[in-house]
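Before any comments, here is the structure.
Each ligand, and each atom within it, is numbered from 1 in the order the structure gives.
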Amino acid sequence: MKQIDPCTLVLFGASGNLSRVKLMPGLFRLDALGRLPEKMAILSVGRGEVSQEAWHADIKGMLDAKFKKGYDQEVFKRFIARNHYHANPPTDPNAFEKMKDVLSNEAVFPQNLAFFLSVRPSDFAQVVDQLASVGLTNEDKYWRRVVIEKPFGTNLPSAKELQASISKHLKESQIYRIDHYLGKSALQNILLQRFANTVLEPIWNKDYIDHVQITNTEMLGVGDRTQFYDATGALRDMIQSHVLQTLALTTMEQPKALTPEAIRAEKIKVLEAIRPIPVDDLKHHAFRAQYAAGEVNSEKVPGYLEELGDSSSVVETYAALKLFIDNPRWKGVPFYIRTAKRLHEADTRIAIRFKKAPLQIGEGQHQNWLIIGIQPRECIKLEIESKIPGLDINTRTIELDAANRQDGDESVDAYEALLLNLMEGDNSQYLHISEVEAQWRLVDPVIEAWAKDRAPVHQYPAGSRDPEASKVIFEAEDQFWRYSIALGGDTH
Ligand code: BG6
């Protein structure tokens, strides 16, 4: 357990959805686990005036909603005592001076400060400017850290602009750019499974691997986020961040050490080695679609355009890309990455198909698959060919299936892990600016080309499997989308 300095977490956007569903419950759980330092305060900052009592009642509501089975009342008392509220009206030119005055009360607020900006992305730069203008980013005596929620920019130029703006006031070590997938234990496990075992690494390359699929599908639709989503789309929302980070962890070289710098250095290298997607041959490298009305969990649901109320939108709710990594390990191996809302299953996994075995016995023989399940099930599965007992020589696929999670294991939400890292001063599970830039550099040309092409977008019924037309990106006839449960031979 790392030592955490006394500190204050200043939470901008504290009454928003992220704070209600993830941050407050996450901080409460850390408190219950004894992971918050005794001297640790939370100052929630919002636009409107709210009394301390009303804010405490609001927090209680957040915890009641999250922990339906109840929670420890002693911990609750301790947690509530850490919590304070401060109104920071956008119309008040002296708002940040006033906030600084409040924070200067050392008896209540430890002076190491972490600012969590859960605000509109267009406000990130301005909030940092204002924090700096009143001296709150100054690290002369105490540490000062700023968490920037996703998305960091909306394309490469805007990400660079945001970086230029905040780096006027903050050193890289003070900036914590979130990709919450990096807080997931299952993602952190990828590096361990690859490098803490002897058996996987020797075959983890172009000599043995036919192709890799990284998939993140959801059964949920865009819900009430239609406006946000229509300005964003699946490529920006999921591929640019979570899916490319999963790819980086799957493909990076072994870091010199398990230090933040060494891990990031290898991730940056591999992200920068991804071949740019050829926009002049986009149709063989990228596929997009939108969900139409359909059925999910036996319930009829509307299509994306209906929910949006705008039939002219070409924004994708399904995106698949084919990528190649131009380095010696991965030369020529296709990586198919995809994400979707409203597919038939909610599943995140890495599926690796190995090359044909040297010995080919007959028609029914399948290639080996190794599948790393990220969510909902954290597992590792290996499918191998084995003789069907009997007089004839025939094979079938059998499966070694191991759960990574066992009964009684701690279940930690990604945000809990990331909040703890923030207070510890460990930004290894946060993004470096070079990763953000490499990710935008890769997806920007596709986003631009797709935005320009106003032809109606391919539709798939909500609750269905991948659109048949998406297979256009496969390199070889015998490649197919791999699903979570079926054994290797299932092509549907
Ligand atoms: C967010 C996206 O970053 O990740 C959402 O904006 C998506 O659209 C979510 O639903 C998925 O996160 P998780 O942790 O539920 O897989």
[atom1] of [X]: more than 12 outside heavy atoms within 6.0 angstrom?
X    : atom1 : answer
L258 : CG    : no
E468 : CD    : no
N197 : CG    : yes

_Among all protein heavy atoms in this structure, tell me which lies nearest to atom 16 (O) of ligand 1, with the distance rounded to 0.1 Å._
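Scanning the protein heavy atoms, the shortest distance from atom 16 (O) of ligand 1 goes to Y181 OH, 2.3 Å.
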_Nearest protein heavy atom with distance in Å, relative to atom 12 (O) of ligand 1_ =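 The answer is H180 NE2, 3.3 Å.
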*Using the six-membered ring of W481, assess whether NZ or CZ of R465 lies under 6.0 Å from its centre and within 45 degrees of the ring axis.*
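The answer is no, since R465 fails at least one limit relative to W481.
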Need the ligand 1 atom indices (1-based, order shown) with element for anything under 4.0 Å from a heavy-atom of [X].
X    : result
K341 : 5 (C), 7 (C), 8 (O), 10 (O)
H242 : 1 (C), 3 (O), 4 (O)
M238 : 2 (C), 4 (O), 7 (C)
K184 : 13 (P), 14 (O), 16 (O)
K150 : 1 (C), 2 (C), 3 (O), 6 (O)

*Are the side chain of E416 and the backbone of R29 linked by a donor-acceptor contact shorter than 3.5 Å?*
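No, the answer is negative, given that no donor and acceptor are paired below the 3.5 Å cut-off.
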*So which pairs with a foot in residues 399-425 pass ring-ring contact (aromatic ring centres under 6.0 Å, His included), sequence neighbours left out?*
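Counting only pairs at least two positions apart or across chains, the ring-ring contact (aromatic ring centres under 6.0 Å, His included) contacts touching residues 399-425 are H180-Y415.
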*Pick, from V222, D237, D413, the option with the minimum heavy-atom distance to atom 8 (O) of ligand 1.*
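Ranked by closest heavy atom to atom 8 (O) of ligand 1, first place is D237.
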_Contact (N/O only, under 3.5 Å) between E218 and ligand 1_ =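 Checking ligand 1 against E218, an N or O pair does fall under 3.5 Å apart.
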*Using distance alone, decide if ligand 1 has a nitrogen or oxygen within less than 3.5 Å of any nitrogen or oxygen in Y229.*
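No, since none of the N or O atoms of Y229 sits under 3.5 Å from an N or O of ligand 1.
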*Going by heavy atoms in the side chains, are I337 and L244 under 4.5 Å from each other?*
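Yes. Closest side-chain heavy atoms under 4.5 Å.
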